[in-house]
Amino acid sequence: MPFVLACQTLKGLAYPLNGALMGGLDWGFSAAAMWAAQILCVSAVALLSHGGRRPLSLYGLWGTLVLLFSVQIVSAALRMASGSGPWQALYANSEDTAHEAGC
């Protein structure tokens with residue numbers, strides 16, 4: 001049950017962050033981040049199921065979903081915080097506003 005609760009909470013954070021990436025027209029990074037998250041998730045499933053030789057438990061399944069959403073959250077947050085790509089304009093505007101206010 002803790003994995004289910006964690007997964008639902010992380011999913012609630014991942015979707016808006018992914019939406020912000022898409023809304024910011026950061027398609028290339030969004031696609032790369034999704035690929036990275038999916039590859040890590042599938043690798044974890046393969047590792048936990050011993051290459052498909054034994055069934056994956058529910059804990060293992062929910063744990064890999066927690067991994068999937070965690071990678072999406074971290075990658076999106078780091079991209080937005082980096083101030084690169086389309087996010088340069090956001091940081092440039094905030095620096096101009098701070099400079100005009102005398103900060």
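For residues 26-38, the salt bridge (Lys or Arg N to Asp or Glu O under 4.0 Å) pairs, not counting sequence neighbours, are D26-R79. Listed by first and then second residue, the side chain to side chain donor-acceptor pair (under 3.5 Å) pairs involving residues 2-11 are Q8-K11 (not counting sequence neighbours). Judged as a salt bridge (Lys or Arg N to Asp or Glu O under 4.0 Å), not a single pair has a partner in residues 56-77 (not counting sequence neighbours).
Hydrophobic clustering of Ile, Leu, Val, Met, Phe, Trp and Tyr side chains at less than 4.5 Å, counting indirect connections, unites M22 with L25. Hydrophobic clustering (side-chain heavy atoms under 4.5 Å, transitive across Ile, Leu, Val, Met, Phe, Trp, Tyr) groups F29 together with Y15. Both L21 and L13 are part of a single hydrophobic cluster, where members link through side-chain heavy atoms under 4.5 Å apart.
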Side chains of residues 37-46: which donor-acceptor partners sit under 3.5 Å, not counting sequence neighbours?
| residue | atom | partner | partner atom | Å |
| --- | --- | --- | --- | --- |
| S43 | OG | I39 | O | 2.7 |

Quiz: residues 68-76 side-chain donor-acceptor pairs under 3.5 angstrom, not counting sequence neighbours:
| residue | atom | partner | partner atom | Å |
| --- | --- | --- | --- | --- |
| S70 | OG | V66 | O | 2.7 |
| Q72 | OE1 | N18 | ND2 | 3.3 |
| S75 | OG | V71 | O | 2.9 |
| S75 | OG | Q72 | O | 3.2 |

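The side-chain contact (heavy atoms from CB on, under 4.5 Å) with C7 is formed by just one residue from the set T64, L61, L65; it is L65.
In this structure, L47 stands alone, with no Ile, Leu, Val, Met, Phe, Trp or Tyr side-chain heavy atom under 4.5 Å from its own, directly or through other members.
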